Trainee: 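I am attaching a structure below and will ask some questions about it afterwards.
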Protein chains: 2
Amino acid sequence: MPVSIQDVADRANVSISTVSRVLNRRNIVNDVTRKRVESAIEELGYRPNVFARGLMLRRSHILGLVLPDLHGEFYSEIIRGANARARELGYKLMISSVAADDDGSELMATVADQALVDGVAVMVSEVNARTRATLSTVKVPLVVLDGEVQGVRHDSVVIDQRLGAVALIEHLIRDCGARRLVFVGGLPTNFDTIERLAALQQVAADADVKIDPGNVYHLDYQYDTAFELGQKRVKEWSRRRFSVFAANDEMAAGIIDAAIDAGISVPDELPVVGFDDTRIAAMTRPRLTTVSVPMSSMGAAAVDLLCQRLEDPSRPATKLTLQSELVVRESCGVNSQT
Amino acid sequence: MPVSIQDVADRANVSISTVSRVLNRRNIVNDVTRKRVESAIEELGYRPNVFARGLMLRRSHILGLVLPDLHGEFYSEIIRGANARARELGYKLMISSVAADDDGSELMATVADQALVDGVAVMVSEVNARTRATLSTVKVPLVVLDGEVQGVRHDSVVIDQRLGAVALIEHLIRDCGARRLVFVGGLPTNFDTIERLAALQQVAADADVKIDPGNVYHLDYQYDTAFELGQKRVKEWSRRRFSVFAANDEMAAGIIDAAIDAGISVPDELPVVGFDDTRIAAMTRPRLTTVSVPMSSMGAAAVDLLCQRLEDPSRPATKLTLQSELVVRESCGVNSQT
DNA sequence: GGCCTGAATGACAGCGCTTTCACTCAATGA
DNA sequence: TCATTGAGTGAAAGCGCTGTCATTCAGGCC
């Protein structure tokens, strides 16, 4: 039923070799012959069989993208960026998600399909022995997003959260007069949480601002849990003149809402800042001061890196760093944009 | 370099046929032999070549998902739902996007990769002759999301927006006392816009509520354009006691913000409702009254339908309808949840 | 013993493509 | 005139797998 290269060859009165040559624009084919083949292809609506081609070429022109979860704008933006760039470069994108709390086996099952993809970009929320072991079995080019896996050869694209985070916290301390800070992050093993907390501690130390270990909370990046935490703590935070640095916008929104419910004014009685600059950052009231991270660029960069390595497998491992940027809105108390 | 079925056969001292049989659990293989083959597979870390297999079986276990755009929560939720179900059923998902204003050629290029996928789910924002022509060339099972394409054999999963929309408008009219309505939708050719406007007109007619054609606006589902429209009209709407029905939450948020900027209170002076119940619907102030549509279920259902047809190609075309549901919050003026 | 049966396995023909190698046949130079 | 070129093409060998058919061989029956 499906039309094969043989059908085209028959119709054009040439051998399949010639059709193949026309298809791949390789050795010179006589103009007249090529035209004949091309119209045969057109008339028959012929499309080369991807499998046969993949079998020969050992190339599928498919790139894998493995994300910890598909929830939230963060990931969807990565997909969008990766998809756009992949299309530009003539690749297809295969998406998989892995539960954030996966022990590695699921990651394994997903990445194991390397047999199909030419390369794979992986974002692991947490690097441990299991994930390391899993990733070391990957035989195709590997790009790690927003993290690094020791002992495994891979390129990576990371976001320099430090710069943005530092700018954010300096703004909070210098311009908004914060003296005491609360940090609300994800799990202590989470790469982003580690980075953001480190930035906080660094700036705080420099500015002689206090961060009590008791004021560092590890939640799960969700609105609800942050809201619950806020319900319990918001009055105390406000009374003691704290400012809240949440490691993402969702949690910042949760805390803002808890504060408002408790009759506490944000930012006057409790400044709150977020991270990521997702869609909701502009929707909260007050609007969130946050750090914009180039999510879709990250996806695009991953695809770039994969393709570059595919072209030149011997090039040295590359680490691409994307910058993050402070976005000042209203939730921190001083709107320097006005 | 890569280990093939022959390597396994050699190591286990059997023929490749036997290895293949072990792999596919087909004809009975002697227990002793099977164990030997299995351990050979294990030791060699053998994984069947997807292309060779696909070439024989004409099955890739990959499903395609083509969306008009990858922006926005709506699409990312579809991807999430589809991905989860695909994984459950042993399929992989390949994502592509097509610009919303595509004339069909891009859709063509994307869907043309049917050679690779076992089936494809397509969401077209607008059905016209071009898209119809493109989709009629698809040779694998096709599921159309949120729409129908005449003359092309396909299954479909649609969201019954009518029910939710009707409930929303009835709530607006009956419970909130709306007498005059403004509709802010997408392009007049957009399926969702057509459905939602139709529901509005139906209910309005029944309730003897007026909808002036001059109060039907066709925008692009974006916050910004709605905000701009709001800046121009919000005072007039408020003065004339209008209520605004926006065809998605983004536009509703834009109008709310325009109203607030103009010093107009929502909902007291201008009730506004949205559609979709995306993340931002709970983030606006006041929170949006909207209609929740089961986005991720839609993705999952598409995958289900595809797999079912793959199993039984002769089954009659199926149309799966998902229900939408009114979500009352604050932006309409009466919070019946309290 | 000769024959049949059926379980277990192997040999081999493709699937549709790319690619190597060989071939044809003008045009060219000696 | 004849060997030599090289552009253009075809024949055929796989790529790694599945599935059909053939083969082997122990056990059961007459």
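Chain A is the first sequence line, chain B the second, and so forth, proteins listed ahead of strands; every chain is numbered from 1. Keep in mind that this is a model prediction, so the values were computed, not measured. Excluded from the calculations below are hydrogen atoms, water molecules and symmetry mates; all remaining heavy atoms, backbone and side chain alike, are included.
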Trainee: Starting at atom NZ of A:K35, determine the distance to atom C1' of D:dG8, rounded to an integer number of angstrom.
Mentor: 16 Å

Trainee: In whole angstrom, give the distance that lies between atom CZ of A:R21 and atom C1' of D:dA11.
Mentor: 11 Å

Trainee: Picking from B:V144, B:V138, B:I62, B:V143, what satisfies side-chain contact (heavy atoms from CB on, under 4.5 Å) with B:V120?
Mentor: B:V138

Trainee: Passes salt bridge (charged side-chain N to carboxylate O under 4.0 Å, His left out), B:K319 versus B:D155? Steps please.
Mentor: CA-CA 6 Å; B:K319 177 172 166 179; B:D155 297 313; over 6 Å; no

Trainee: Can you find a donor-acceptor pair, distance only, under 3.5 Å between A:R34 side chain and D:dG8 base?
Mentor: no

Trainee: Starting from C1' on C:dT20, measure out to CG on A:N24 and report it in whole angstrom.
Mentor: 15 Å

Trainee: Distance check: side-chain N/O of B:R53 vs OP1/OP2 of D:dT18, anything under 4.0 Å?
Mentor: yes

Trainee: Of the listed nucleotides (C:dC15, C:dC17, C:dT18), which one gets closest to any side-chain atom of B:M56?
Mentor: C:dC15

Trainee: Please tell me if B:S4 has a side-chain N or O lying less than 4.0 Å from either OP1 or OP2 of D:dG16.
Mentor: no

Trainee: Could you work out which one of C:dC17, C:dC15, C:dA8 sits closest to the side chain of A:I5?
Mentor: C:dC17

Trainee: Which of the following nucleotides, D:dT18, D:dG10, C:dT18, is nearest to the side chain of A:T18?
Mentor: D:dG10

Trainee: Rounded to whole angstrom units, what separation is found between the CG atom of A:L55 and the P atom of C:dT19?
Mentor: 12 Å

Trainee: Provide, to the nearest angstrom, the distance between the CZ atom belonging to A:R47 and the C1' atom belonging to C:dC17.
Mentor: 15 Å

Trainee: Rounded to the Å, how far apart are A:R59 CZ and C:dG16 P?
Mentor: 24 Å

Trainee: Do the side chains of A:K35 and A:E38 get close enough for a salt bridge, i.e. N-O under 4.0 angstrom?
Mentor: no

Trainee: Measure from the side chain of A:N49, starting at C-beta and using heavy atoms only, and say which of C:dG16, D:dG16, D:dT18 lies closest.
Mentor: C:dG16

Trainee: Using OP1 and OP2 only, check whether a side-chain N or O of B:N30 sits under 4.0 Å from C:dA7.
Mentor: no

Trainee: Have A:T321 and A:D160 got a donor and an acceptor in their side chains that come within less than 3.5 Å?
Mentor: no

Trainee: For A:I41 and C:dC17, give me the distance from atom CD1 to atom P, rounded to whole Å.
Mentor: 10 Å

Trainee: Tell me whether the side-chain N/O atoms of B:T33 come closer than 4.0 Å to OP1 or OP2 in C:dA8.
Mentor: no

Trainee: Run the numbers on A:Y221 and A:N190 for side chain to side chain donor-acceptor pair (under 3.5 Å), then give the verdict.
Mentor: CA-CA 11 Å; A:Y221 282 117; A:N190 176 270; 3.0 Å; yes

Trainee: With no hydrogens and no angle check, just 3.5 Å: does a side-chain donor-acceptor pair link A:Q308 and A:R315?
Mentor: yes

Trainee: Can you find a donor-acceptor N/O pair under 3.5 angstrom joining the side chain of A:S17 to the base of D:dA11?
Mentor: yes

Trainee: Looking at the side chain of A:L23, which of D:dC15, C:dG10, C:dT18 is the nearest nucleotide?
Mentor: C:dT18

Trainee: Can you figure out which of D:dG19, D:dC15, C:dT19 approaches the side chain of A:S20 most closely?
Mentor: C:dT19

Trainee: Could one point to a donor on the side chain of A:R58 or the base of D:dG16 with an acceptor on the other under 3.5 Å away?
Mentor: no

Trainee: Nearest-Å distance, CZ (B:R36) to C1' (C:dA8)?
Mentor: 12 Å

Trainee: Base, sugar-phosphate, or nothing for A:I16, non-hydrogen atoms under 4.0 angstrom?
Mentor: base

